[in-house]
Amino acid sequence: MRKSYFFPKLWRMNTVMNTYARFPLTLVRGEGARVWDDADNCYLDFISGIAVNTLGHAHPKMNEALSDQAATMLHCSNLFHIPKQQQLADRVCASSGMAAAFFCNSGAEANEAAIKLARKYFFDQGSARRTVITATQSFHGRLLSTLTATGQDKVKVGFDPLPPGFVHVPLNDLAALEQAIDGQTAAVLLEPLQGEGGVNIADAAYLQGVRKLCDEHGILLMLDEVQTGIGRCGTMFAFEQAGIRPDILTLAKGLGGGVPIGAMLAAEQVAASFSPGTHGSTFGGNPLSCTAALTVLQVIEEESLLDHVQQRSQQLMQGLEALQSRFAVISEVRGKGLLIGAALDIEAAPLIADARTHGLLVLSAGPNVLRLLPPLNITAAEVDEALKILATVMENAQ
Ligand SMILES: Cc1ncc(COP(=O)(O)O)c(C=O)c1O
C-alpha cells in the first residue's frame, strides 16, 4: 500500500487547534441569562462568554437589529464611508469624553492600536518616548505586542523574541510607577480592575495619582477597559468612578454583546497622529458589528441597565459576603458592578465543576478566584438562584 506522507496523523488530531482548556460541555443555544447544552440541560450563565454577552442571549432587540442589518449589508470595507460606524463613533465618544474612535475586532487589537498610536504620537513630536509601562498581573491580549504588555510570564513562554519597549510595575504602587518613568516612557497602560489577573481593583486614589504623574511627565494614560467597560462595573466606563479620564481608551468584549468588535478611542491631540495608511483593519467597524454595538448601547440606556447593574451588584456582593461568613474557604469578596471575584483558600476549578453539575456556569480568574460575570440584565431572582447554588457548592467544598 502507498504510504501517505501528507496527512500521517490526521486520524488522531482534532482539526481545531488545541489552544483552549475547555469545560466538558457543548452549548448550543441561549435565552436571557440561560443557556442549554446539546443534551438539553439548562444552565444559568454567570460567564456571559467572558464578559461579552452584555444583554444575555438572544435579546429580541439584538435579533431584530442584526437580522435587519444582515438583510441590508454585512460588510463593505473601510474603502467607503459607513454610516453605522460614524453613529457608533459619535456615541462612544460622547459617553467617554474621547474625541475619536478606531474600530477593530478584539481587545488585543484595540490595545495594539493604542500602543501604536502612543508611539506615533511621540514620533510625530520628534520625541524618543516609546516605552509602555503596565502592571504586573495585567492581561492585555495574545498578540506579540499585547502579550509582552501583559504582566504575567506564563503567556510569554516560547514566543521570544518579544518586542522591546514594555516595563512592568506592581499595581497600586505609585512610587514604583514614578521610579519606572524615564525619558523613554510614552505611556502607562492599566486595567481599572484586572479581570483575568484575579479581579484586582486599581484604587481610585492610585488612578488619580497615575493621572497626575502622566500629566507631570507629559506622557499618556491609556486605560484598557476591554473587560470593565460598557456598563460591566456599574458605570459606562470604570474610569468614571475614579473621577479621571484617560488619553487613550480601549474597549471590546461587551461592546458588541457577542458580535466581535473592538475600539480604541483617543483624545483629540493624540488621535490626530493616525492618518490614512498608518493603521487599519479589513473588518474593523463593519456595518454588522457596529449595528450590534449601537444596539447594546441603546438597550443599556432604554432599560436603565447601569442602575440595574449597581442594584444587582449590591445583591450579589451581599449574598457572597453572607456566604463568606458561613464558609471559611472564601477569604475575600471583591469587584465592581457585575465583575465580581470570590477569593478562595482552595483551588477554584473543583468548585466551578460542582457549580456546573448544579446548573450554574462560573469561571475563574487565576487558580484561586471564582469570577462571576452575569449579563447586565440578570434578574434579582436569577442572582438569588445563583447564590443558592453557590451555597451548596461551598457546603460541598468544606
Ligand atoms: C483587560 C483585557 N484586555 C484585553 C483582552 C484581550 O481581548 P481579546 O481576547 O478580545 O483579544 C482581554 C481578554 O480577556 C482583557 O480582559
Side-chain angles (χ1 to χ4, degrees), residues 20-60 62-63 195-196 199 227 232 253-254 257-258 305 308-309 311-330 333-335 337-398:
Y20 304 105
R22 297 181 197 265
F23 295 136
L25 203 61
T26 303
L27 299 181
V28 292
R29 71 191 164 91
E31 196 180 323
R34 293 188 195 271
V35 288
W36 283 262
D37 69 12
D38 53 356
D40 216 28
N41 299 305
C42 182
Y43 302 84
L44 198 48
D45 183 5
F46 271 50
I47 297 179
S48 304
I50 320 185
V52 166
N53 300 103
T54 311
L55 309 178
H57 300 270
H59 191 287
M62 185 66 101
N63 298 346
E196 302 303 307
V199 190
Q227 189 156 159
R232 174 59 52 190
K253 287 188 179 278
L305 287 183
H308 182 81
V309 168
Q311 287 159 19
R312 297 289 73 76
S313 175
Q314 210 180 11
Q315 181 191 358
L316 191 50
M317 292 285 260
Q318 282 171 357
L320 288 169
E321 279 157 10
L323 291 182
Q324 185 189 3
S325 63
R326 281 175 60 198
F327 301 105
V329 290
I330 305 179
V333 176
R334 56 181 186 245
L338 291 173
L339 202 179
I340 296 178
L344 307 171
D345 288 340
I346 53 174
E347 292 245 314
L351 278 70
I352 291 170
D354 195 29
R356 205 162 53 237
T357 64
H358 289 87
L360 174 67
L361 302 183
V362 292
L363 78 163
S364 60
N368 305 104
V369 179
L370 266 189
R371 187 170 25 153
L372 307 179
L373 294 162
L376 304 193
N377 53 4
I378 192 83
T379 65
E382 287 162 341
V383 168
D384 281 341
E385 194 182 330
L387 285 167
K388 227 168 155 179
I389 295 172
L390 286 172
T392 306
V393 168
M394 295 300 161
E395 186 108 48
N396 294 343
Q398 288 292 92

Begin from the C-alpha positions of His308 and Asn377 and carry the test side chain to side chain donor-acceptor pair (under 3.5 Å) through to its verdict. CA-CA 7 Å; His308 182 81; Asn377 53 4; over 6 Å; no
Decide yes or no for [X] and [Y]: does some side-chain heavy atom of the first lie under 4.5 Å from some side-chain heavy atom of the second?
| X | Y | answer |
| --- | --- | --- |
| Thr54 | His59 | no |
| Asn53 | Pro375 | no |
| Leu44 | His358 | no |
| His57 | Arg34 | no |
| Leu390 | Leu360 | yes |
| Leu316 | Phe46 | yes |
| Leu351 | Met394 | yes |
| Val369 | Ser364 | no |

Among Val393, Leu370, Leu373, which residue meets the side-chain contact (heavy atoms from CB on, under 4.5 Å) test with Val362? Leu370
Working note: Leu372 + Leu320, criterion side chain to side chain contact (heavy atoms under 4.5 Å, CB included); need CA distance, chi angles, decisive distance, verdict. CA-CA 11 Å; Leu372 307 179; Leu320 288 169; 3.7 Å; yes
Carefully, step by step, assess Ile346 and Asn368 under the rule side chain to side chain contact (heavy atoms under 4.5 Å, CB included). CA-CA 6 Å; Ile346 53 174; Asn368 305 104; 5.8 Å; no
Rounded to the nearest 0.5 Å, what's the gap from CG on Leu25 to CG on Leu27? Could you check? 5.0 Å
Arg232 side, atom CZ; Ser48 side, atom OG - distance, nearest 0.5 Å: 5.0 Å
Given the rule in the side chain to side chain donor-acceptor pair (under 3.5 Å) test, do Thr379 and Glu382 qualify, once you have shown the distances and angles that lead to the verdict? CA-CA 5 Å; Thr379 65; Glu382 287 162 341; 3.1 Å; yes
For Glu321, I'd like to know if atom CD has over 12 heavy atoms of other residues, nucleotides or ligands within 6.0 Å. yes
May I ask you to establish whether Arg356 and Phe23 are in a cation-pi arrangement, using a distance under 6.0 Å from NZ or CZ to the six-membered ring centre and at most 45° from the ring axis? yes
Tell me whether Arg29 is salt-bridged to Asp40, with the criterion being a basic N under 4.0 Å from an acidic carboxylate O. yes
When you look at Leu339 and Arg371, which way does the side chain to side chain contact (heavy atoms under 4.5 Å, CB included) test go after all the steps? CA-CA 7 Å; Leu339 202 179; Arg371 187 170 25 153; 4.2 Å; yes
